[in-house]
Amino acid sequence: MSLRVTPGSPAALGLRLTATGANIAVLSAHAERIELCLFDEDGRETARLPLPGRTGDIRHAHVDGIEEGQLYALRAHGPWDPAAGHRFNAAKLLLDPWALAFTGEPRWDEALCAHAPGEPLTPDPRDSAPLMPR
């Protein structure tokens with residue numbers, strides 16, 4: 001699959017198929033970067049694609065080559081400042097709130113938390129992808 005990433009459009013939130021791939025748009029007022037993560041059927045992460053477009057608080061991209069059924073999720077990069085309400089942690093896989101379907105339910109584990117176990121002011125570096133649906 002050939003993946004060419006361009007800025008795309010902020011017009012419709014979520015991932016929407018187009019004639020040549022998919023447009024993705026994500027709303028986040030404080031994210032410094034959003035990545036679209038692609039997965040194969042075995043759950044292996046095959047690509048992390050930064051969304052290059054920005055319109056106001058919406059990050060967006062068009063990715064040529066994405067087809068119906070592609071498994072995906074998101075990662076958000078931004079400030080770790082719990083006192084200000086910011087707990088961005090790119091080690092944590094995020095579901096697209098505008099997705100039309102999911103592969104299942106999250107499997108509960110402390111690795112799903114943004115913070116380290118017992119340390120709410122410290123980010124947890126463990127990747128949550130093995131526990132999350134797509």
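Numbers here simply count residues along the sequence, with the first being 1. Every value quoted in this text rests on a predicted model; they were computed, and no experiment measured them. Side chains are part of it too, since the values below use all heavy atoms of this structure and drop only hydrogens, waters and symmetry mates.
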Mind checking the [atom1]-[atom2] spacing from [X] to [Y]? Nearest 0.5 Å is all I need.
X: Leu93; Y: Leu131; atom1: CG; atom2: CG; value: 9.5 Å
X: Asp127; Y: Met132; atom1: CG; atom2: CE; value: 10.5 Å
X: Leu94; Y: Asn89; atom1: CG; atom2: CG; value: 9.0 Å
X: His77; Y: Arg33; atom1: NE2; atom2: CZ; value: 4.0 Å
X: Leu112; Y: Asp124; atom1: CG; atom2: CG; value: 9.5 Å

Would Leu15 and Asn23 count as a side-chain contact (heavy atoms from CB on, under 4.5 Å) if you check the C-alpha gap in whole Å, the side-chain angles of each, and the deciding distance to 0.1 Å?
CA-CA 6 Å; Leu15 187 138; Asn23 193 81; over 6 Å; no
Determine whether Trp98 and Leu95 fall in the same hydrophobic cluster, where Ile, Leu, Val, Met, Phe, Trp and Tyr are linked whenever their side-chain heavy atoms lie under 4.5 Å apart.
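Different hydrophobic clusters.
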Connected via hydrophobic side-chain network under 4.5 Å: Val63 and Leu17:
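Hydrophobic grouping puts Val63 with Leu17.
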Which heavy-atom pair separates [X] from [Y] by the least distance, and what is that distance?
X: Ala22; Y: Ile66; answer: CB-CG2, 3.8 Å
X: Ala12; Y: Ala25; answer: O-CB, 3.4 Å
X: Ala111; Y: Ser128; answer: O-CB, 3.6 Å
X: Thr20; Y: His62; answer: OG1-CE1, 3.2 Å
X: Pro50; Y: Val5; answer: O-CG1, 4.0 Å
X: Ile34; Y: Ser28; answer: CD1-CB, 4.5 Å

Do [X] and [Y] make a side-chain contact, defined as non-hydrogen atoms from C-beta onward lying under 4.5 Å apart?
X: Leu74; Y: Leu36; answer: yes
X: Leu38; Y: Leu3; answer: yes
X: Tyr72; Y: Leu49; answer: no
X: Glu32; Y: Pro79; answer: yes

For the backbone of [Y] and the side chain of [X], can you confirm whether one donor and one acceptor N or O come within less than 3.5 Å of each other?
X: Thr103; Y: Arg134; value: yes
X: Arg126; Y: Ala91; value: no
X: Trp80; Y: Leu121; value: yes
X: His60; Y: Leu51; value: no
X: Lys92; Y: Pro125; value: no
X: Arg59; Y: Ala31; value: yes
X: Gln70; Y: Phe39; value: yes
X: Asp42; Y: Arg44; value: no
X: Arg87; Y: Cys113; value: no

Check the pair Arg16, Leu100 against side-chain contact (heavy atoms from CB on, under 4.5 Å), reporting the backbone distance first and the verdict last.
CA-CA 10 Å; Arg16 301 292 178 251; Leu100 302 177; 4.1 Å; yes
